[in-house]
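Some notes on the structure that comes next.
Because the structure is predicted, anything quoted here is derived from the model rather than measured. All residue numbers in this chain count up from 1 along the given sequence.
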Amino acid sequence: MELFLDADGCPVTALAVTLARQYHVPCTILCDTAHELAFPGARTITVSKGADSVDFALVNLVKKGDLVVTQDYGLAAMCLSRGAVPIHQDGMVYTAENIDSLLFFRAAARKIRKAGGRLKGSSRRTPEQDRAFAATLERLLREAAP
C-alpha cells in the first residue's frame, strides 16, 4: 500500500505525510509546476501545469489498496475504479455508494455557475476538519498494517 496526495491546494499535506511516516507507509506527493512541495519522508512528483495533469499522473500510478487524498470528486471516482481508497481532506471516504451523488452535485453546481449563478464558497478550514481527516487516515493506515 502507498499513500498518494493530490497536493495542489491540499491543506492536509503535512499531516498526511507525518501519519504515513508514523505507519511506515510510502507516501507520494503529486503537484504541478505552480507548486514547490517537499517533505521529509515523502517522494514528490511534479508534473506540467495544465488542467487535470496531476489527476491523470496520479491515477496512472495508483494501484488496488492504495490510499489517495483528494478533494476532486472526478479523481476520486477514477481512483475507486482502480480499487484504491480515496479520502477527502475533511475525512470523508469516497465510496461506490456516495460518489455518484457527489459527481451529480458537482455537475449541477457547474451548470449554475455557467448560467451566471453564484454559490456560497467554502468556509475557513477548522481544527475539527483536520482532526476528522487525521482520524480517518489513521484508521485506514491501522487497518492496512500487517
**Report entry** Cationic N near anionic O, under 4.0 Å, D66 to R82
**Finding:** no

Query raised in the report: Less than 4.0 Å between a side-chain N and a carboxylate O, is that true for R131 and E138?
Result: no

Is it the case that the side chain of [X] and the backbone of [Y] share a donor-acceptor pair, with hydrogens and angles ignored and the cut-off at 3.5 Å?
X: D130; Y: P11; result: no
X: D90; Y: M92; result: no
X: T136; Y: A132; result: yes
X: Y73; Y: Y94; result: no
X: D72; Y: L75; result: yes

Could you state the interatomic distance from [atom1] ([X]) to [atom2] ([Y]), rounded to the nearest 0.5 Å?
X: K49; Y: T33; atom1: NZ; atom2: OG1; answer: 6.5 Å
X: R43; Y: C27; atom1: CZ; atom2: SG; answer: 9.5 Å
X: L5; Y: Q89; atom1: CG; atom2: CD; answer: 11.5 Å
X: L30; Y: D6; atom1: CG; atom2: CG; answer: 7.5 Å
X: T28; Y: L58; atom1: OG1; atom2: CG; answer: 8.5 Å

Query raised in the report: Is the number of heavy atoms from other residues, nucleotides or ligands within 6.0 Å of CD (E128) greater than 12?
Result: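 Yes - once you tally the heavy atoms of other residues, nucleotides and ligands closer than 6.0 Å, there are more than 12.
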
Query raised in the report: Passes side chain to side chain contact (heavy atoms under 4.5 Å, CB included), I45 versus V54? Steps please.
Result: CA-CA 9 Å; I45 297 174; V54 169; over 6 Å; no

Minimum heavy-atom distance [X]-[Y], with the two atoms named:
X: A76; Y: P86; answer: O-CG, 3.5 Å
X: L80; Y: A96; answer: CD1-N, 4.1 Å
X: L3; Y: A16; answer: CD2-O, 3.7 Å

State plainly whether one hydrophobic cluster holds both [X] and [Y], where clusters connect Ile, Leu, Val, Met, Phe, Trp and Tyr through side-chain heavy atoms under 4.5 angstrom apart.
X: V68; Y: L140; result: no
X: V93; Y: V59; result: no
X: F4; Y: M1; result: no
X: L15; Y: V85; result: yes
X: I87; Y: Y23; result: yes

Report task. Evaluate the side-chain proximity of Q129 to V12: yes if any heavy-atom separation is below 4.5 Å, no if none is. Result ->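 V12 does not reach Q129 side chain to side chain.
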
Requested in this report: Let me see the working for T44 and C31 under side chain to side chain contact (heavy atoms under 4.5 Å, CB included), right down to the final yes or no.
Outcome: CA-CA 8 Å; T44 300; C31 58; 4.1 Å; yes

Query raised in the report: Do V69 and H88 pass the side chain to side chain contact (heavy atoms under 4.5 Å, CB included) test, and can you show the C-alpha distance, the side-chain angles, and the key distance before you say yes or no?
Result: CA-CA 6 Å; V69 177; H88 188 273; over 6 Å; no

Requested in this report: Give the C-alpha distance, both sets of side-chain angles, the deciding distance and a yes or no for side chain to side chain contact (heavy atoms under 4.5 Å, CB included) between L19 and L141.
Outcome: CA-CA 8 Å; L19 287 170; L141 290 167; 4.0 Å; yes

